[in-house]
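Quick notes on the structure that follows.
First the proteins, then the strands, lettered A, B, ... as listed; each starts at 1.
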2 protein chains.
Amino acid sequence: MDFGIEKILKISELSEQTGLSAHTLRYYEKHGLINASNRSEAGYRFYNDSDLRRVQFVKTARNTGFSLADIGQLLSIRVDKRSHSCQDVTDITQKKLLEVSAKLTELQSMQQTLELLLESCCGGPENATHCSIMEALDAGLLRDDNKEARIIK
Amino acid sequence: MDFGIEKILKISELSEQTGLSAHTLRYYEKHGLINASNRSEAGYRFYNDSDLRRVQFVKTARNTGFSLADIGQLLSIRVDKRSHSCQDVTDITQKKLLEVSAKLTELQSMQQTLELLLESCCGGPENATHCSIMEALDAGLLRDDNKEARIIK
DNA sequence: TATAACCTTAGAGCCAACTCTAAGGTCAAT
DNA sequence: ATTGACCTTAGAGTTGGCTCTAAGGTTATA
(Lines give C-alpha, C1' and ligand atoms only; values in the text may rest on other atoms or scores of the structure.)
Protein backbone atom coordinates (compact mmCIF):
# COMPACT_ATOMS: atom_id res chain seq x y z
CA MET A 1 0.00 0.00 0.00
CA ASP A 2 3.06 2.20 -0.18
CA PHE A 3 3.09 3.80 -3.57
CA GLY A 4 6.54 5.30 -3.17
CA ILE A 5 9.22 4.14 -5.55
CA GLU A 6 10.95 1.09 -4.14
CA LYS A 7 14.59 1.75 -3.73
CA ILE A 8 16.87 -1.23 -4.21
CA LEU A 9 20.01 -1.03 -2.17
CA LYS A 10 23.35 -2.73 -2.39
CA ILE A 11 24.97 -3.72 0.85
CA SER A 12 27.12 -0.59 1.09
CA GLU A 13 24.02 1.54 0.56
CA LEU A 14 22.12 -0.37 3.20
CA SER A 15 25.11 0.11 5.44
CA GLU A 16 24.96 3.84 4.84
CA GLN A 17 21.21 3.96 5.46
CA THR A 18 21.40 2.03 8.71
CA GLY A 19 24.77 2.91 10.12
CA LEU A 20 25.60 -0.77 10.40
CA SER A 21 28.73 -1.96 8.63
CA ALA A 22 28.47 -4.30 5.67
CA HIS A 23 30.38 -6.81 7.79
CA THR A 24 27.76 -6.55 10.48
CA LEU A 25 24.93 -6.91 7.98
CA ARG A 26 26.47 -10.11 6.62
CA TYR A 27 27.00 -11.27 10.18
CA TYR A 28 23.33 -10.70 10.96
CA GLU A 29 22.41 -12.62 7.83
CA LYS A 30 24.63 -15.52 8.79
CA HIS A 31 22.79 -15.61 12.09
CA GLY A 32 19.41 -15.67 10.45
CA LEU A 33 18.23 -12.22 11.45
CA ILE A 34 18.08 -10.54 8.09
CA ASN A 35 18.26 -11.37 4.42
CA ALA A 36 18.60 -9.79 1.02
CA SER A 37 15.39 -10.58 -0.81
CA ASN A 38 17.30 -10.60 -4.08
CA ARG A 39 20.70 -11.19 -5.55
CA SER A 40 22.26 -9.99 -8.77
CA GLU A 41 23.53 -12.56 -11.25
CA ALA A 42 26.96 -12.15 -9.81
CA GLY A 43 25.61 -12.79 -6.31
CA TYR A 44 25.52 -9.22 -5.05
CA ARG A 45 22.91 -8.71 -2.34
CA PHE A 46 19.94 -6.49 -3.20
CA TYR A 47 17.79 -5.13 -0.42
CA ASN A 48 14.28 -3.73 -0.86
CA ASP A 49 12.23 -1.51 1.44
CA SER A 50 10.95 -4.43 3.42
CA ASP A 51 14.48 -5.67 3.99
CA LEU A 52 15.49 -2.19 5.06
CA ARG A 53 12.66 -1.97 7.56
CA ARG A 54 13.61 -5.31 9.01
CA VAL A 55 17.21 -4.22 9.43
CA GLN A 56 16.05 -1.03 11.11
CA PHE A 57 13.91 -3.09 13.46
CA VAL A 58 16.97 -5.14 14.34
CA LYS A 59 19.00 -2.00 14.92
CA THR A 60 16.37 -0.44 17.13
CA ALA A 61 15.99 -3.61 19.14
CA ARG A 62 19.76 -3.81 19.48
CA ASN A 63 19.92 -0.23 20.76
CA THR A 64 17.22 -1.08 23.24
CA GLY A 65 19.47 -3.76 24.68
CA PHE A 66 18.05 -6.94 23.20
CA SER A 67 20.52 -9.69 22.37
CA LEU A 68 20.62 -11.16 18.89
CA ALA A 69 18.86 -14.22 20.26
CA ASP A 70 16.07 -12.05 21.69
CA ILE A 71 15.82 -10.27 18.38
CA GLY A 72 15.51 -13.60 16.59
CA GLN A 73 12.44 -14.28 18.69
CA LEU A 74 11.02 -10.81 18.18
CA LEU A 75 11.48 -11.17 14.44
CA SER A 76 9.64 -14.44 14.28
CA ILE A 77 6.75 -12.73 16.04
CA ARG A 78 7.05 -9.81 13.66
CA VAL A 79 6.64 -11.90 10.53
CA ASP A 80 3.54 -13.62 11.87
CA LYS A 81 1.91 -11.36 14.39
CA ARG A 82 -1.37 -13.21 14.12
CA SER A 83 0.14 -16.35 15.61
CA HIS A 84 1.59 -14.57 18.59
CA SER A 85 0.19 -12.70 21.53
CA CYS A 86 1.17 -9.46 23.15
CA GLN A 87 2.19 -11.59 26.08
CA ASP A 88 4.79 -13.33 23.94
CA VAL A 89 6.26 -9.91 23.31
CA THR A 90 6.07 -8.66 26.88
CA ASP A 91 7.63 -11.91 28.12
CA ILE A 92 10.75 -11.20 26.10
CA THR A 93 10.74 -7.56 27.12
CA GLN A 94 10.18 -8.36 30.77
CA LYS A 95 13.01 -10.87 30.77
CA LYS A 96 15.30 -8.28 29.27
CA LEU A 97 14.21 -5.69 31.79
CA LEU A 98 15.07 -8.06 34.63
CA GLU A 99 18.52 -8.65 33.18
CA VAL A 100 19.12 -4.95 32.77
CA SER A 101 17.88 -4.18 36.25
CA ALA A 102 20.11 -6.83 37.76
CA LYS A 103 23.16 -5.46 36.01
CA LEU A 104 22.14 -1.99 37.04
CA THR A 105 22.01 -2.97 40.68
CA GLU A 106 25.45 -4.48 40.47
CA LEU A 107 26.92 -1.44 38.77
CA GLN A 108 25.28 0.91 41.25
CA SER A 109 26.88 -1.01 44.05
CA MET A 110 30.24 -0.70 42.33
CA GLN A 111 29.68 2.97 41.75
CA GLN A 112 28.90 3.56 45.38
CA THR A 113 31.96 1.65 46.47
CA LEU A 114 34.20 3.55 44.10
CA GLU A 115 32.76 6.87 45.27
CA LEU A 116 33.33 5.94 48.88
CA LEU A 117 36.88 4.95 48.08
CA LEU A 118 37.51 8.26 46.35
CA GLU A 119 35.98 10.22 49.21
CA SER A 120 38.18 8.43 51.69
CA CYS A 121 41.44 9.24 49.91
CA CYS A 122 43.23 12.55 49.69
CA GLY A 123 44.30 11.84 46.14
CA GLY A 124 47.33 14.01 46.64
CA PRO A 125 51.00 13.68 45.84
CA GLU A 126 51.76 12.10 49.22
CA ASN A 127 53.18 8.65 48.96
CA ALA A 128 50.73 5.81 49.21
CA THR A 129 52.00 4.26 52.44
CA HIS A 130 48.81 5.21 54.21
CA CYS A 131 46.48 5.45 51.24
CA SER A 132 43.00 4.67 52.49
CA ILE A 133 41.99 3.12 49.18
CA MET A 134 44.82 0.63 49.40
CA GLU A 135 43.92 -0.01 53.01
CA ALA A 136 40.30 -0.60 52.17
CA LEU A 137 41.20 -3.03 49.39
CA ASP A 138 43.59 -4.77 51.77
CA ALA A 139 40.98 -4.98 54.49
CA GLY A 140 38.62 -6.63 52.05
CA LEU A 141 35.65 -4.95 53.64
CA LEU A 142 34.15 -3.49 50.52
CA ARG A 143 31.55 -5.72 49.08
CA ASP A 144 31.16 -9.40 48.47
CA ASP A 145 28.92 -9.78 45.48
CA ASN A 146 25.47 -8.83 46.62
CA LYS A 147 26.27 -7.54 50.02
CA GLU A 148 25.91 -3.89 50.69
CA ALA A 149 28.94 -1.68 50.53
CA ARG A 150 30.35 -1.41 54.00
CA ILE A 151 33.64 0.34 53.69
CA ILE A 152 35.16 1.58 56.91
CA LYS A 153 34.81 5.31 57.25
CA MET B 1 55.17 -8.25 63.25
CA ASP B 2 52.44 -10.84 63.13
CA PHE B 3 53.38 -13.51 65.61
CA GLY B 4 50.60 -15.88 64.62
CA ILE B 5 51.55 -19.25 63.23
CA GLU B 6 52.03 -19.00 59.50
CA LYS B 7 49.71 -21.33 57.71
CA ILE B 8 51.02 -22.80 54.50
CA LEU B 9 48.30 -23.58 52.00
CA LYS B 10 48.12 -25.79 48.98
CA ILE B 11 46.20 -24.47 46.02
CA SER B 12 42.97 -26.25 46.93
CA GLU B 13 43.19 -24.81 50.43
CA LEU B 14 43.80 -21.34 49.10
CA SER B 15 40.85 -21.88 46.82
CA GLU B 16 38.73 -22.79 49.81
CA GLN B 17 39.94 -19.78 51.78
CA THR B 18 39.28 -17.31 49.00
CA GLY B 19 36.36 -18.76 47.11
CA LEU B 20 38.35 -18.58 43.89
CA SER B 21 38.81 -21.80 41.97
CA ALA B 22 42.25 -23.36 41.64
CA HIS B 23 41.89 -22.79 37.91
CA THR B 24 41.33 -19.11 38.50
CA LEU B 25 44.25 -18.88 40.88
CA ARG B 26 46.55 -20.41 38.27
CA TYR B 27 45.06 -18.08 35.72
CA TYR B 28 45.84 -15.08 37.90
CA GLU B 29 49.36 -16.36 38.35
CA LYS B 30 49.83 -16.77 34.62
CA HIS B 31 48.78 -13.16 34.28
CA GLY B 32 51.27 -11.96 36.82
CA LEU B 33 48.83 -10.99 39.55
CA ILE B 34 49.71 -13.52 42.18
CA ASN B 35 52.33 -16.11 42.97
CA ALA B 36 53.07 -18.99 45.26
CA SER B 37 56.08 -17.96 47.30
CA ASN B 38 57.16 -21.56 47.50
CA ARG B 39 56.93 -24.87 45.74
CA SER B 40 57.29 -28.42 47.00
CA GLU B 41 59.95 -30.60 45.45
CA ALA B 42 57.29 -32.04 43.19
CA GLY B 43 56.28 -28.57 42.09
CA TYR B 44 53.15 -28.15 44.21
CA ARG B 45 52.38 -24.51 44.95
CA PHE B 46 52.67 -23.42 48.57
CA TYR B 47 51.07 -20.18 49.67
CA ASN B 48 51.94 -18.28 52.82
CA ASP B 49 49.99 -15.58 54.67
CA SER B 50 51.39 -12.84 52.51
CA ASP B 51 50.34 -14.70 49.37
CA LEU B 52 46.88 -15.16 50.84
CA ARG B 53 46.53 -11.48 51.60
CA ARG B 54 47.56 -10.59 48.10
CA VAL B 55 44.98 -12.94 46.64
CA GLN B 56 42.34 -11.45 48.90
CA PHE B 57 43.34 -7.99 47.72
CA VAL B 58 42.86 -9.16 44.14
CA LYS B 59 39.49 -10.64 44.97
CA THR B 60 38.30 -7.50 46.71
CA ALA B 61 39.47 -5.32 43.84
CA ARG B 62 37.75 -7.65 41.41
CA ASN B 63 34.49 -7.41 43.36
CA THR B 64 34.81 -3.67 43.28
CA GLY B 65 34.82 -3.79 39.50
CA PHE B 66 38.48 -3.38 38.66
CA SER B 67 39.76 -5.24 35.63
CA LEU B 68 42.74 -7.55 35.93
CA ALA B 69 44.80 -4.89 34.17
CA ASP B 70 43.73 -2.30 36.74
CA ILE B 71 44.55 -4.73 39.49
CA GLY B 72 47.99 -5.27 38.04
CA GLN B 73 48.61 -1.56 38.45
CA LEU B 74 47.16 -1.48 41.93
CA LEU B 75 49.36 -4.40 42.93
CA SER B 76 52.50 -2.73 41.72
CA ILE B 77 51.59 0.24 43.87
CA ARG B 78 50.84 -2.09 46.75
CA VAL B 79 54.28 -3.68 46.76
CA ASP B 80 56.05 -0.34 46.77
CA LYS B 81 53.76 2.23 48.29
CA ARG B 82 56.63 4.58 48.94
CA SER B 83 57.25 5.08 45.25
CA HIS B 84 53.65 5.91 44.45
CA SER B 85 51.30 8.67 45.42
CA CYS B 86 47.70 8.63 46.52
CA GLN B 87 46.99 10.32 43.24
CA ASP B 88 48.26 7.28 41.38
CA VAL B 89 45.65 5.29 43.24
CA THR B 90 42.82 7.76 42.79
CA ASP B 91 43.61 8.06 39.08
CA ILE B 92 42.94 4.38 38.62
CA THR B 93 39.86 4.55 40.81
CA GLN B 94 38.52 7.63 39.08
CA LYS B 95 38.98 6.07 35.67
CA LYS B 96 37.07 3.01 36.81
CA LEU B 97 34.32 5.17 38.27
CA LEU B 98 33.92 6.94 34.95
CA GLU B 99 33.63 3.63 33.13
CA VAL B 100 31.07 2.36 35.59
CA SER B 101 29.08 5.58 35.44
CA ALA B 102 29.03 5.52 31.66
CA LYS B 103 27.75 1.99 31.60
CA LEU B 104 25.23 2.87 34.25
CA THR B 105 23.86 5.71 32.16
CA GLU B 106 23.50 3.43 29.18
CA LEU B 107 21.75 0.75 31.18
CA GLN B 108 19.43 3.28 32.79
CA SER B 109 18.41 4.47 29.38
CA MET B 110 17.71 0.88 28.35
CA GLN B 111 15.77 0.29 31.52
CA GLN B 112 13.63 3.33 30.92
CA THR B 113 12.95 2.30 27.34
CA LEU B 114 12.02 -1.21 28.37
CA GLU B 115 9.72 0.10 31.08
CA LEU B 116 8.02 2.44 28.63
CA LEU B 117 7.60 -0.41 26.21
CA LEU B 118 6.02 -2.58 28.87
CA GLU B 119 3.73 0.19 30.00
CA SER B 120 2.56 0.74 26.46
CA CYS B 121 1.59 -2.88 25.83
CA CYS B 122 -1.37 -4.77 27.21
CA GLY B 123 0.67 -7.93 27.54
CA GLY B 124 -2.45 -9.97 27.11
CA PRO B 125 -3.41 -13.01 25.05
CA GLU B 126 -4.57 -10.85 22.13
CA ASN B 127 -2.66 -11.46 18.97
CA ALA B 128 0.25 -9.19 18.30
CA THR B 129 -1.09 -7.51 15.16
CA HIS B 130 -1.35 -4.20 16.99
CA CYS B 131 1.21 -4.78 19.70
CA SER B 132 2.57 -1.41 20.67
CA ILE B 133 5.97 -2.82 21.50
CA MET B 134 6.32 -4.21 18.00
CA GLU B 135 5.10 -0.94 16.60
CA ALA B 136 7.61 1.03 18.64
CA LEU B 137 10.46 -1.20 17.51
CA ASP B 138 9.24 -0.87 13.94
CA ALA B 139 8.98 2.88 14.20
CA GLY B 140 12.55 3.01 15.39
CA LEU B 141 11.79 5.93 17.64
CA LEU B 142 13.24 4.54 20.79
CA ARG B 143 16.74 5.64 21.32
CA ASP B 144 19.82 6.04 19.21
CA ASP B 145 22.71 5.57 21.52
CA ASN B 146 22.87 8.66 23.65
CA LYS B 147 19.65 10.27 22.66
CA GLU B 148 16.90 10.45 25.17
CA ALA B 149 14.17 7.88 25.07
CA ARG B 150 11.38 9.27 22.98
CA ILE B 151 8.93 6.49 22.43
CA ILE B 152 5.55 7.54 21.10
CA LYS B 153 2.92 7.47 23.80
C1' DT C 1 41.62 -1.61 -21.24
C1' DA C 2 42.98 -0.46 -16.99
C1' DT C 3 42.15 0.91 -12.59
C1' DA C 4 39.65 1.63 -8.49
C1' DA C 5 35.98 0.74 -5.89
C1' DC C 6 32.92 -2.24 -5.12
C1' DC C 7 31.24 -7.18 -4.13
C1' DT C 8 31.62 -12.44 -2.70
C1' DT C 9 33.00 -16.39 0.64
C1' DA C 10 34.99 -19.03 4.47
C1' DG C 11 37.08 -18.54 8.20
C1' DA C 12 40.20 -16.31 11.65
C1' DG C 13 40.85 -12.90 15.28
C1' DC C 14 39.40 -9.95 19.10
C1' DC C 15 37.85 -8.78 23.85
C1' DA C 16 37.88 -10.26 29.05
C1' DA C 17 37.90 -13.47 32.34
C1' DC C 18 37.53 -17.39 33.02
C1' DT C 19 36.68 -22.65 32.52
C1' DC C 20 37.90 -26.89 31.13
C1' DT C 21 40.64 -30.83 29.07
C1' DA C 22 44.32 -34.03 28.38
C1' DA C 23 48.01 -36.37 29.90
C1' DG C 24 50.59 -37.18 33.32
C1' DG C 25 52.99 -36.87 38.25
C1' DT C 26 52.37 -37.15 43.65
C1' DC C 27 50.73 -38.55 47.97
C1' DA C 28 48.04 -40.54 51.86
C1' DA C 29 45.41 -44.23 53.24
C1' DT C 30 44.15 -48.92 52.90
C1' DA D 1 50.48 -52.30 45.89
C1' DT D 2 46.59 -50.01 44.64
C1' DT D 3 43.12 -46.82 44.93
C1' DG D 4 41.53 -42.09 44.65
C1' DA D 5 42.19 -37.49 45.57
C1' DC D 6 45.15 -34.34 44.81
C1' DC D 7 48.69 -31.73 41.93
C1' DT D 8 51.29 -30.19 37.43
C1' DT D 9 51.46 -28.17 32.50
C1' DA D 10 50.16 -26.43 27.93
C1' DG D 11 46.73 -25.29 25.53
C1' DA D 12 41.87 -25.32 23.83
C1' DG D 13 37.06 -23.84 24.49
C1' DT D 14 33.38 -20.52 26.09
C1' DT D 15 30.57 -16.19 25.79
C1' DG D 16 28.50 -12.46 22.40
C1' DG D 17 28.98 -9.49 18.95
C1' DC D 18 31.34 -8.10 16.11
C1' DT D 19 35.65 -7.02 13.03
C1' DC D 20 38.86 -8.24 9.88
C1' DT D 21 41.54 -10.96 6.35
C1' DA D 22 42.53 -13.45 2.22
C1' DA D 23 41.67 -14.53 -2.17
C1' DG D 24 39.13 -13.78 -5.63
C1' DG D 25 35.04 -11.95 -8.87
C1' DT D 26 32.30 -7.60 -10.72
C1' DT D 27 31.26 -3.07 -12.23
C1' DA D 28 31.63 1.80 -13.20
C1' DT D 29 34.38 5.26 -14.94
C1' DA D 30 38.39 7.34 -17.60
*Nearest-nucleotide 5' precedence on DNA chain C, B/H31 against A/E29*: A/E29

*Is the phosphate of C/dT26, meaning OP1 or OP2, less than 4.0 Å from a side-chain N or O of B/R39?*
no

*Can you find a side chain N or O atom of A/S21 that sits less than 4.0 Å from OP1 or OP2 on D/dC18?*
no

*Would you mind classifying the nucleic acid contact of B/S67 as base, sugar-phosphate or nothing, using non-hydrogen atoms under 4.0 angstrom?*
sugar-phosphate

*Value in whole Å for how far the C1' atom of D/dT8 lies from NZ of B/K10*: 13 Å

*Can B/Y28 be reached from B/L75 by stepping across I, L, V, M, F, W or Y side chains whose heavy atoms are under 4.5 Å apart?*
yes

*Any side-chain N or O of A/S40 under 4.0 Å from OP1/OP2 of C/dC7?*
no

*In whole angstrom, what separates A/L25's CG from C/dC6's P?*
15 Å

*Between C/dA16 (P) and B/E99 (CD): distance, integer Å*: 11 Å

*asked:* With a 4.0 Å limit, can you tell me whether A/R45 has a side-chain N or O closer than that to the phosphate oxygens OP1/OP2 of D/dT26?
replied: no

*Looking at the rings of B/Y27 and B/H23, which for Trp means the six-membered one, are their centres under 6.0 Å apart?*
no

_Which residue lies more 5' along DNA chain D, comparing B/I11 with A/Y44 via nearest heavy atoms_ = B/I11

*Interatomic distance, B/K59 NZ vs C/dC18 P [rounded to whole Å]*: 12 Å

*Quick one: B/Y28 OH to C/dA16 P, roughly how many Å, whole number?*
14 Å

*How close or far is atom P of C/dC6 from atom CZ of A/F46, stated in whole angstroms?*
15 Å

*asked:* Rounded to whole Å, how long is the line connecting atom CG of A/D70 with atom P of D/dG16?
replied: 11 Å

*asked:* With a 4.0 Å limit, can you tell me whether B/R62 has a side-chain N or O closer than that to the phosphate oxygens OP1/OP2 of C/dA17?
replied: yes

*asked:* Heavy-atom nearest nucleotide on DNA chain C for B/Y27 versus A/H23: which residue maps closer to 5'?
replied: A/H23

*A/E41 vs B/E13, nearer the 5' end of DNA chain D by closest nucleotide*: B/E13

*Counting only heavy atoms not in B/E16, do more than 12 fall under 6.0 Å of its CD?*
no

_Rounded interatomic separation in angstrom, taking CG from B/L33 and C1' from C/dA17_ = 11 Å

*asked:* Taking the six-membered ring of B/F57 as reference, does the cationic atom of B/R78 (NZ for Lys, CZ for Arg) lie under 6.0 Å from its centre and within 45° of its axis?
replied: yes

*Taking all non-hydrogen atoms of both residues into account, name the closest pair between A/A128 and B/V89 and its distance.*
CB-CG2, 4.4 Å

*Using a heavy-atom cut-off of under 4.0 Å over every strand shown, decide if B/R26 touches base, sugar-phosphate, or nothing.*
base

_Selected nucleotide, minimal atom distance to B/A42 side chain, candidates C/dC27, D/dC7, C/dC6_ = C/dC27

